[in-house]
J.: 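Here's a structure for you.
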Amino acid sequence: MKEYKYKVNGTNYTVTVGDVDGTQVYVEVNGTPYKVELPEKAASTVVKTAPRPAAAPRTSEGEKVVQKAAAPSTGGYQIKAPLPGTVLSIPVKVGDSVKASDTVLVLEAMKMENAIHAGRDGKVASINVNPGDAVPDGGLLITLE
């Protein structure tokens, strides 16, 4: 049995919580017994999250494989990594038309997910990374036509 002391509107109450029998609890308030009925428990909700990509690949010596910044190409609009991180997901594919505000890649950096937007309207010409890749600051991610 657990005993609690409360003060409500200047009045002191001593509450003793007794046995719990299913949805019924036996409670005593200042010496007066009460049978309290609790609502039935709602079914628990299971929240599923998308699986994270595997850790960044490593060399035989254990060093992380980091994509080198690509040499500038002659055409197209390049979307580059604004900070170093790991690619979590790429919700577009080559040939998709995108608007400037569309999220084209999700990058994890400093334990935060960062949505990378297209920056301008266009068509995805190439995707230079894969989920799980570690990218440096300024690394080429996607090229738009």
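Throughout, numbering of the chain's residues begins at 1 and tracks the sequence. Just so it is clear, the model here is predicted, and its values are computed rather than measured. Excluded from the calculations below are hydrogen atoms, water molecules and symmetry mates; all remaining heavy atoms, backbone and side chain alike, are included.
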J.: For E3, which residues count as a side chain to side chain donor-acceptor pair (under 3.5 Å) partner, sequence neighbours excluded?
T.: none
J.: Show the nearest heavy-atom pair for residues P136 and A81, with the distance to one decimal.
T.: O-CB, 3.5 Å
J.: V129 and I90: which non-hydrogen atoms are nearest, and at how many Å?
T.: O-CD1, 3.4 Å
J.: What pairs with T16 under side chain to side chain donor-acceptor pair (under 3.5 Å), at least two apart in sequence or on another chain?
T.: none
J.: Let me have the donor-acceptor pairs involving side chains of residues 98-112, under 3.5 Å, with sequence neighbours excluded, atom names and distances please.
T.:
unit_1, atom_1, unit_2, atom_2, d
D102, OD2, K99, N, 2.8
E108, OE2, R52, NH1, 3.4

J.: Mind listing the side-chain donor-acceptor pairs of residues 30-38 below 3.5 Å, one per line with the distance, residues two or more places apart or on another chain?
T.:
unit_1, atom_1, unit_2, atom_2, d
N30, OD1, T14, N, 2.7
N30, ND2, N12, O, 3.4

J.: Could you check if a side-chain atom of V124 sits within less than 4.5 angstrom of a side-chain atom of L144, using non-hydrogen atoms only?
T.: yes
J.: Of all heavy-atom pairs between Q78 and L140, which one has the smallest distance, and what is that distance?
T.: CB-CD1, 3.5 Å
J.: Salt bridge (charged side-chain N to carboxylate O under 4.0 Å, His left out) with D96: which residues, sequence neighbours excluded?
T.: K93
J.: Any idea which heavy atoms bring N130 and V87 closest together, and the distance?
T.: O-CB, 3.5 Å
J.: Restricting to pairs with a member in residues 18-29, which pass salt bridge (Lys or Arg N to Asp or Glu O under 4.0 Å), not counting sequence neighbours?
T.: none
J.: According to a hydrophobic-cluster definition based on side-chain heavy atoms being under 4.5 Å apart (Ile, Leu, Val, Met, Phe, Trp, Tyr only), do Y26 and Y13 belong together?
T.: no
